[in-house]
Amino acid sequence: MKHYILVLWLISATCFAQKTTVYTIGDSTMANKKDPEKNPEHGWAQVLQPFFNDNIVIDNRALNGRSTRSFIAEKQWDAVYQKLKKGDYVFIEFGHNDGKNMDSLRYTNPHTAYRHNLIRFVKESREKGAIPILLTSIARRNFNEKGVLIGTHGDYPLETRLVAQEYKVPFIDLEYYTELLEQSYGPEKSKQLHLHFKAGENPYYKEAKDDDTHLSLKGATEIAQIVVNQIKLLEDPSVEKLKKGIR
């Protein structure tokens, strides 16, 4: 009987040891939303788990309205850092709120504080034996009157690219691929990727909604699929375990 229990314990311990946690840190474009059955808004990391098997656990720590500065100042990063273990992954996607230059609690200069904060996330993840993956911010639906998609993130994506290159971090240029996504849908159909509702059209909103930043379930799922597709193409050997966990 004791032998049988020991075998069961070893099997369960082995299964538990095989699980890898992916921590996702960022802003509202990634974050879990309340009332997901009713709420039209979804973060792309909120819908990421179904793309992976049970050996990969998505722990979404992204939060609405956060920049790298506020995520650190509120000790959100410390909470992730304390839990990191060898072999975990950290997906890092900020920039939307770092550019809010009228908000001293969130704004970061892209070439100084923002860059410094990204480097901190990378170095401290590696201290714990975890693997950081840097992602540029998703594109906003920002078409001009000629139907041309105009970027809104300034130099934040550039600094993300530079940090990834300098520190040899696995990198997904999510801004670029979401620009392609928006363009493939076009100025009108791309509203489906976001939150566009007339007054009374959706019971979750009392008034009309015209939000070109945040994502519908469709938009979040499309972007999660892009992330997974790009993971498959990464050549860095440190992401092999993550690749094997893709369904």
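Note: hydrogens, waters and symmetry copies are ignored here, and every other heavy atom, side chains too, is used. The structure presented is a predicted model; accordingly, all values stated were derived computationally and were not measured.
Remark: side-chain polar atoms of Lys128 are paired, donor with acceptor, to backbone N or O of Tyr81 under 3.5 angstrom. In terms of modelled atom types and a separation under 3.5 Å, the side chain of Arg61 and the main chain of Ile25 share no donor-acceptor contact. Without hydrogens or angle criteria, Arg126 side chain to Glu124 main chain gives no donor-acceptor distance under 3.5 Å. Under a 3.5 Å cut-off, the side chain of Gln49 and the backbone N or O of Ile58 do form a donor-acceptor pair. Side-chain atoms of Lys38 do not come within 3.5 Å of backbone N or O of Pro203 as any donor-acceptor pair. Looking at Asp88, its side chain never comes within 3.5 Å of a backbone N or O of Ala130 through a donor-acceptor pair. When atom types are taken as modelled, the side chain of Tyr114 and the backbone of Phe94 share a donor-acceptor pair closer than 3.5 angstrom. One N or O on the side chain of Asn39 and one on the backbone of Lys34 form a donor-acceptor pair closer than 3.5 Å. The backbone N or O of Phe91 lies less than 3.5 Å from no partner atom in the side chain of Thr24, so there is not a single donor-acceptor pair. Checked by atom type and distance alone, the side chain of Ser28 never pairs as donor or acceptor with a backbone atom of Ala31 at under 3.5 Å.
Judged by distance alone, the side chains of Glu222 and Tyr185 do bring a donor and an acceptor atom under 3.5 Å apart. A side-chain donor-acceptor contact under 3.5 Å links Lys33 and Asn64. Between Asp212 and His196, the side chains place a donor N or O and an acceptor N or O closer than 3.5 Å (distance only, hydrogens not considered). Neither side chain, Gln82 nor Asp78, offers a donor N or O lying under 3.5 Å from an acceptor on the other. For Thr68 and Asp98, the side-chain atoms include at least one donor-acceptor pair closer than 3.5 Å.
The hydrophobic cluster containing Val239 also contains Val22, counting ILVMFWY residues as joined when their side-chain heavy atoms lie under 4.5 angstrom apart, directly or transitively. One hydrophobic cluster holds both Ile231 and Ile131 under the rule that ILVMFWY side chains link at heavy-atom gaps under 4.5 Å. In terms of hydrophobic clustering, with Ile, Leu, Val, Met, Phe, Trp and Tyr side chains grouped at heavy-atom distances under 4.5 Å, Leu234 and Ile226 are assigned to a common cluster. Linking Ile, Leu, Val, Met, Phe, Trp and Tyr whenever their side-chain heavy atoms come within less than 4.5 Å puts Ile133 and Ile246 in one cluster. A continuous path of hydrophobic side-chain contacts links Ile138 to Val228 [ILVMFWY only; heavy atoms under 4.5 Å].
Shown here is Lys243, whose NZ atom has more than 12 heavy atoms of other residues, nucleotides or ligands within 6.0 Å. Sparse packing is recorded around CD of Gln165, with 12 or fewer heavy atoms of other residues, nucleotides or ligands lying under 6.0 Å away. By the neighbour-count criterion of 12 heavy atoms within 6.0 Å, atom CD of Glu207 is sparsely surrounded, having that number or fewer from other residues, nucleotides or ligands. Surrounding NZ of Lys85 are more than 12 heavy atoms belonging to other residues, nucleotides or ligands, all under 6.0 Å away.
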Are Phe121 and Val90 close enough, and set up right, to give a side chain to side chain contact (heavy atoms under 4.5 Å, CB included), and what steps lead you there? CA-CA 9 Å; Phe121 295 146; Val90 185; 5.9 Å; no

Derivation of the side chain to side chain contact (heavy atoms under 4.5 Å, CB included) call for Ile223 and Tyr177: CA-CA 9 Å; Ile223 292 173; Tyr177 291 107; over 6 Å; no

Please assess Asp35 against Tyr204 for the test side chain to side chain contact (heavy atoms under 4.5 Å, CB included), listing each intermediate value before the final yes or no. CA-CA 10 Å; Asp35 300 326; Tyr204 198 81; 4.0 Å; yes

Taking it one step at a time, do Asp54 and Arg247 satisfy salt bridge (Lys or Arg N to Asp or Glu O under 4.0 Å)? CA-CA 9 Å; Asp54 293 340; Arg247 290 187 186 277; 3.8 Å; yes

Determine whether Arg115 and Glu166 satisfy the following criterion, salt bridge (Lys or Arg N to Asp or Glu O under 4.0 Å), listing intermediate values before the conclusion. CA-CA 11 Å; Arg115 171 183 168 82; Glu166 183 176 347; 2.5 Å; yes

Side chain to side chain contact (heavy atoms under 4.5 Å, CB included) for Leu242 and Thr20? Distances and angles first, verdict last. CA-CA 8 Å; Leu242 191 59; Thr20 298; 5.9 Å; no

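Between the CG atom in Leu134 and the CG atom in Leu174 there is a gap of 12.0 Å [rounded to 0.5 Å]. Distance CZ/Arg140 to CD/Glu175: 10.5 Å, rounded to 0.5 Å. Summarising the geometry, atom CD1 belonging to Ile172 is positioned 10.0 Å from atom CD belonging to Glu93; distances are rounded to the nearest 0.5 Å. Atoms CD and CG, from Gln225 and Leu48 in turn, are 10.0 Å apart once rounded to the nearest 0.5 Å. For the atom pair CG (Asn142) and OG1 (Thr152), the distance works out to 6.0 Å, reported to the nearest 0.5 Å. Separating the CG atom in Leu195 from the CG atom in Leu217 is a distance of 11.0 Å, to the nearest 0.5 Å.
Taking 4.5 Å as the limit, every side-chain heavy atom of Ser67 sits out of range of all side-chain heavy atoms of Lys100. Taking 4.5 Å as the limit, every side-chain heavy atom of Arg66 sits out of range of all side-chain heavy atoms of Trp77. Two residues are said to be in side-chain contact when any heavy atoms from C-beta on lie closer than 4.5 Å; Gln192 and Ser216 fail this criterion. The shortest side-chain heavy-atom distance between Val148 and Phe143 does not fall under the 4.5 Å cut-off. Side-chain atoms of Phe71 and Asp27, non-hydrogen and from C-beta on, never get closer than 4.5 Å to each other. Side chains of Tyr89 and Ile56 form no contact here, defined as non-hydrogen atoms less than 4.5 Å apart. Under the 4.5 Å side-chain criterion, counting only non-hydrogen atoms from C-beta, Gln76 is in contact with Leu63. Side-chain contact between Phe171 and Thr136 is present, with at least one heavy-atom pair separated by less than 4.5 Å.
The shortest heavy-atom contact between Gly147 and Pro187 is CA-CG, 4.0 Å. Listed here is the closest heavy atom pair of Ser104 and Arg69: O-CD, 3.6 Å. In terms of heavy-atom proximity, Gly65 sits nearest to Ser70 at O-OG, 4.3 Å.
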